[in-house]
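Take a look at the structure set out below.
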Amino acid sequence: MSVWRIQTNTGKGKIADYCISNNVAALGWSLTQTSLSELNGLTFEKYEEFAEKEEYKLDSVNALAKEIQSNDLIWMRKSGKYYLARVTNESHWQYNNSEEAKSHDACNQRTDIKWIEIGDESDVPGALTTAFIRGKTLQQIKMPGIFEYSKLIYDKKSDDNFKYGSSIKLDEDCFYSLISPSDCEDLLYVYSYKISNYRYVCIPSTNKIATQTYEFVAIDRETGKHIYYQVKNGDVDLNADDYYKLIENSNSDEVYLLTTRGKVIDAGKYDRIHIVDPTTLFEFCCNDENENIIPPNIRYWIEFAGGYNILNGKKGIMLDVNDDDCEKYMFEHHVVAAWGNSKRYVDSFNKGDYVFYYKKGYGIIAIGEINGKEPIEIENGKQYPVQMILDPEKTKDGEYISLYPSDIKSILKKTFYFASTQKRPFLDQKESELLISRLKTLKNS
C-alpha cells in the first residue's frame, strides 16, 4: 500500500468541503471542449483522449485513476485541519459532469472515500505538514515514519472493522519525520543550551520568517557573544560559506548548523561554525539526563514512536524507579508502582509481563514478573504485585550492579526513549529473557 496527499487549495470553490460531503477524492482537469453526449458513460481511456486534445498534463489524474490502490491512505488538508481516508475495495474513478462538481473544480473523482478528521498541525507529524508545501496536486508521501503513522492513526480513529495492525520503529529517520521544523529548532537550542553549561539564552524577537540565513539568535549570558542557528529538517544541503558573514566582523560570535538528512559543504572550514550531527541530537533527546528540558511536543512524538510496537504474549517494561522513596517502597512491598501523572503507565501492564526496574545513572538494577490480574489503587497512584526474579544488588563500593543504557542498546541493537518514566519501546519475550540472562550473569560474576 501507499500513502498519498491531495491538494485542495485550487481557489475555485471549496473542493475539500465537496470531497468530505460526497465521500470522494477529487481533482480538476474538467473537459470544456467535449459534448455532453460524449461524456455519458465516459471511460478513463476516452477521458485521456479528450484531455490530450485540451493539452492537459495528467500526472495527478493518472495517479487518481490508476496508481491508487485498495487500502491506500490519502491525506487532505482543509482550513488548517488534516483529514485521512482509506481507499476501499469499492472505490473507483469516475468523471462527474454535474454543475456542482464543475463549480468546485472536482470532476475527476475517486469514489467511496470516507474522510476522518485527525486534527491540526500539532496532531500530525512534521513531515506530513511539509508534504503539502509544494509538488503535484496528488502525490505519494515517502518520508520515513509517515507510512507507519498513517496506518496507526487510521486504526485509532476509524469506526470500521478494517485494521492495519501496524507498528512503528523508534529510530533516527522516523524521529525527524515526526517532529516539525520548529520542533527541530527547539531541540537544537536546548542541546546548545545544555552543552554550553546553560549559558546560551534565546532572544525570541530574532525568530522571524524574514531572516534568510538563520532561524534565531541566542546570547552567551557570560560573554555577550551572539550564537546564530540555522536548521533544515530534511534532505537539504547547507554551505558553511553562506554563514560566515554572520560572524566575520566578530572575534567570538558562533554559528550552529543542522541539516537532518543533508550535508554541510566545507564543514570544517571555520572554527566558529559548528556542525551538529543529527544522530548526536537524537541520542541527546533520548537520554534520561535531559528529560526535563526536552520540549513537550517532541516528547509527545518520540513517546508515540516508542509506544506502538505490537507484541504478542508477554512483554517487558522498563520503568523508572523515580526517587529513593519510591524505589524503597517498590522493593520492600514487591510491587511495581507509579504515582501522579505517571500512574497511567500501570494500565498498560498485564499479568506475566516482565518489569525492568530502571534507575537513572545506572540503568536496569532489578527485574520482576507481574503476578496480579488487575492494578491496585493506592494513594495518588497504582501498583501491581510482582514476583522478583533479580533483586537489586550493590558492590562493595556501594554501586548498583546494573545494565547501563548503552549495554541495553548494544545487547538488543535498538534505540530506546530513556527520557521518560516508562522507557519505550516495550520489549518482547525473547528480548526480555536476554536482558534477564545478562543481568544475572553480571550479578553472579
Side-chain angles (χ1 to χ4, degrees), residues 82 119-134 141-146 148-149 168-196 200-218 227-240 242-243 246 254-265 267 273-287 290-306 415 417-420:
Y82 288 79
D120 59 22
E121 285 198 0
S122 65
D123 300 307
V124 298
L128 179 59
T129 64
T130 57
F132 281 86
I133 294 175
R134 61 181 66 87
I141 306 176
K142 298 182 178 180
M143 295 296 288
I146 301 302
E148 294 82 4
Y149 168 80
I168 193 167
K169 185 179 180 182
L170 177 57
D171 60 17
E172 183 179 334
D173 282 342
C174 176
F175 170 69
Y176 285 115
S177 289
L178 291 173
I179 68 172
S180 69
S182 58
D183 291 334
C184 209
E185 294 172 21
D186 291 344
L187 184 57
L188 178 57
Y189 169 66
V190 296
Y191 169 75
S192 67
Y193 177 70
K194 174 74 178 289
I195 65 173
S196 71
Y200 293 174
V201 181
C202 184
I203 307 174
S205 64
T206 62
N207 190 1
K208 303 294 185 184
I209 296 175
T211 56
Q212 299 275 325
T213 53
Y214 59 87
E215 306 295 347
F216 58 93
V217 182
I227 301 94
Y228 299 88
Y229 298 83
Q230 178 59 277
V231 180
K232 297 298 179 184
N233 189 6
D235 188 13
V236 181
D237 292 342
L238 300 174
N239 192 319
D242 296 336
Y243 302 94
L246 293 172
E254 299 179 11
V255 174
Y256 281 85
L257 300 179
L258 168 68
T259 175
T260 59
R261 294 189 180 89
K263 63 185 179 198
V264 180
I265 300 166
I273 296 182
H274 308 290
I275 315 305
V276 180
D277 178 16
T279 301
T280 300
L281 200 60
F282 173 58
E283 292 175 350
F284 167 85
C285 189
C286 293
N287 192 324
N290 306 314
E291 178 179 356
N292 294 330
I293 62 172
I294 300 301
N297 203 45
I298 298 175
R299 290 173 62 89
Y300 169 81
W301 285 115
I302 201 165
E303 285 196 352
F304 180 94
T415 300
Y417 182 41
F418 292 111
S420 175

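Not measured: the values here are computed from a predicted model.
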Any residue meeting side-chain contact (heavy atoms from CB on, under 4.5 Å) with E148, in chain and number order, not counting sequence neighbours: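 Only S166, I168 meet the side-chain contact (heavy atoms from CB on, under 4.5 Å) criterion with E148.
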Results of side-chain contact (heavy atoms from CB on, under 4.5 Å) for E283 - residues two or more places apart only: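 Residues passing side-chain contact (heavy atoms from CB on, under 4.5 Å) with E283: T279.
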If every non-hydrogen atom of [X] is compared with every non-hydrogen atom of [Y], which pair is closest and at what distance?
X: Y228; Y: L246; value: CE1-O, 3.7 Å
X: I146; Y: S177; value: CD1-O, 4.3 Å
X: Y417; Y: C285; value: CE1-O, 3.4 Å
X: E172; Y: F282; value: N-CE2, 3.8 Å
X: N233; Y: Y176; value: ND2-O, 3.0 Å
X: I203; Y: T206; value: O-OG1, 2.6 Å

With Y229 via side chain to side chain donor-acceptor pair (under 3.5 Å) - residues at least two apart: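 For Y229, the residues satisfying side chain to side chain donor-acceptor pair (under 3.5 Å) (neighbours in sequence not counted) are S192.
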Results of side chain to side chain donor-acceptor pair (under 3.5 Å) for S196 - residues two or more places apart only: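 Expected list: none.
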Parallel, tilted or perpendicular: rings of F304 and W301 (30°, 60°):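 The rings of W301 and F304 stand perpendicular, inter-plane angle above 60°.
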Between D171 and T415, a side-chain donor and acceptor under 3.5 Å: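 No - no donor-acceptor pair under 3.5 Å links their side chains.
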Donor-acceptor pair between E121 and S180 side chains, under 3.5 angstrom: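 Side chains of E121 and S180: no pair found under 3.5 Å.
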Can you check whether [Y]'s main-chain N or O pairs, donor with acceptor, with [X]'s side chain at less than 3.5 Å?
X: T280; Y: V276; result: no
X: N207; Y: P204; result: no
X: D237; Y: I265; result: no

Mind checking the [atom1]-[atom2] spacing from [X] to [Y]? Nearest 0.5 Å is all I need.
X: L178; Y: E303; atom1: CG; atom2: CD; value: 13.0 Å
X: K232; Y: T260; atom1: NZ; atom2: OG1; value: 11.0 Å
X: M143; Y: L128; atom1: CE; atom2: CG; value: 11.0 Å
X: I293; Y: L187; atom1: CD1; atom2: CG; value: 9.0 Å

Trace of the side chain to side chain contact (heavy atoms under 4.5 Å, CB included) decision for I179 with N297: CA-CA 8 Å; I179 68 172; N297 203 45; over 6 Å; no
Any [X] side-chain heavy atom under 4.5 Å of [Y] side chain:
X: I294; Y: F284; result: yes
X: D242; Y: T213; result: no
X: P295; Y: D183; result: no
X: Y256; Y: V231; result: no

By ring-ring contact (aromatic ring centres under 6.0 Å, His included) - contacts of Y193 (at least two apart):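 For Y193, the residues satisfying ring-ring contact (aromatic ring centres under 6.0 Å, His included) (neighbours in sequence not counted) are Y189, Y198.
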Qualifying residues under salt bridge (Lys or Arg N to Asp or Glu O under 4.0 Å), relative to E185, sequence neighbours excluded: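 Not a single residue meets the salt bridge (Lys or Arg N to Asp or Glu O under 4.0 Å) criterion with E185.
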Side chain to side chain contact (heavy atoms under 4.5 Å, CB included) partner of Q230, chosen from L257, L258, L188: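 Result: among L257, L258, L188, L257 is the only option passing the side chain to side chain contact (heavy atoms under 4.5 Å, CB included) with Q230.
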ring-ring contact (aromatic ring centres under 6.0 Å, His included) evaluation trace for F132 with Y82: CA-CA 11 Å; F132 281 86; Y82 288 79; 5.7 Å; yes
Exceeds 12 heavy-atom contacts within 6.0 angstrom, atom NZ of K194: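 Enclosed.
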Pair I298-F175, side chain to side chain contact (heavy atoms under 4.5 Å, CB included): steps then yes or no: CA-CA 9 Å; I298 298 175; F175 170 69; 3.9 Å; yes
